[in-house]
**Student:** 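My questions will all concern the structure given below.
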Amino acid sequence: MGYTDAPPGWWREFILASPARTAKLAVVRADGSPHVAPVWVDLDGDQIVFMTSADTIKGKAILRDPRVSLSGTTNARRSAS
């Protein structure tokens, strides 16, 4: 199967969909190991935003290294075929 570009603005529609969506936020801990946690996401203008505290694993990792990865999901269940 070949690669197909996503349509422009798809991510905006995805984030603003109702009901609200969650994403999995991936950060790197100080020891180099990955940490993945669910976060509620929203938009502030054209920026994807989420909340965390500076004293959480996520917050400490982001303060140390602001590079993160987000993976979104529709949370829809697929039926077995």
**Student:** Applying a strict under-4.5 Å side-chain criterion to I, L, V, M, F, W and Y, I'd like to know whether Trp10 and Ile48 cluster together.
**Tutor:**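 Yes: a chain of side-chain contacts under 4.5 Å links Trp10 to Ile48.
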**Student:** I need the single residue from Leu70, Val49, Thr52 that forms a side chain to side chain contact (heavy atoms under 4.5 Å, CB included) with Val39. Which is it?
**Tutor:**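 With Val39 as partner, side chain to side chain contact (heavy atoms under 4.5 Å, CB included) holds for just one option, Leu70.
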**Student:** Write down the atom of His35, the atom of Arg29, and the distance for their closest heavy-atom approach.
**Tutor:**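 Between these two residues, the closest heavy atoms are ND1-NH2, 3.3 Å.
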**Student:** Using salt bridge (charged side-chain N to carboxylate O under 4.0 Å, His left out) as the criterion, list what pairs up with Asp65, not counting sequence neighbours.
**Tutor:**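 For Asp65 the salt bridge (charged side-chain N to carboxylate O under 4.0 Å, His left out) partners, ignoring immediate neighbours, are Arg67.
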**Student:** Could you report the tightest heavy-atom contact between Trp11 and Asp46, atom names first, then the distance?
**Tutor:** CH2-O, 3.5 Å
**Student:** Closest heavy-atom contact between Lys58 and Ala37?
**Tutor:** CD-CB, 3.8 Å
**Student:** For a 4.5 angstrom cut-off between non-hydrogen side-chain atoms, does Arg21 reach Ile15?
**Tutor:** no
**Student:** Determine whether Val41 and Thr22 satisfy the following criterion, side chain to side chain contact (heavy atoms under 4.5 Å, CB included), listing intermediate values before the conclusion.
**Tutor:** CA-CA 6 Å; Val41 292; Thr22 59; over 6 Å; no
**Student:** Is there a side-chain contact between Ile62 and Leu25, using heavy atoms and a 4.5 Å cut-off?
**Tutor:** yes
**Student:** Is there a path of hydrophobic side-chain contacts, each under 4.5 Å between heavy atoms of I/L/V/M/F/W/Y residues, joining Phe14 to Leu16?
**Tutor:**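 Yes, it is one cluster - the side chains of Leu16 and Phe14 are joined through contacts under 4.5 Å.
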**Student:** Is there a donor-acceptor pair closer than 3.5 Å between any side-chain N or O of Thr56 and the backbone N or O of Gly59?
**Tutor:**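 Yes: the side chain of Thr56 pairs with the backbone of Gly59.
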**Student:** Do Val28 and Phe50 share a hydrophobic cluster, counting only Ile, Leu, Val, Met, Phe, Trp and Tyr and linking them when any side-chain heavy atoms are less than 4.5 Å apart?
**Tutor:**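 The answer is no; the residues belong to distinct hydrophobic clusters.
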**Student:** Examine Trp40 and Val68 and state if one hydrophobic cluster contains both, with Ile, Leu, Val, Met, Phe, Trp and Tyr joined whenever side-chain heavy atoms are less than 4.5 Å apart.
**Tutor:**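 Result: no, two separate clusters.
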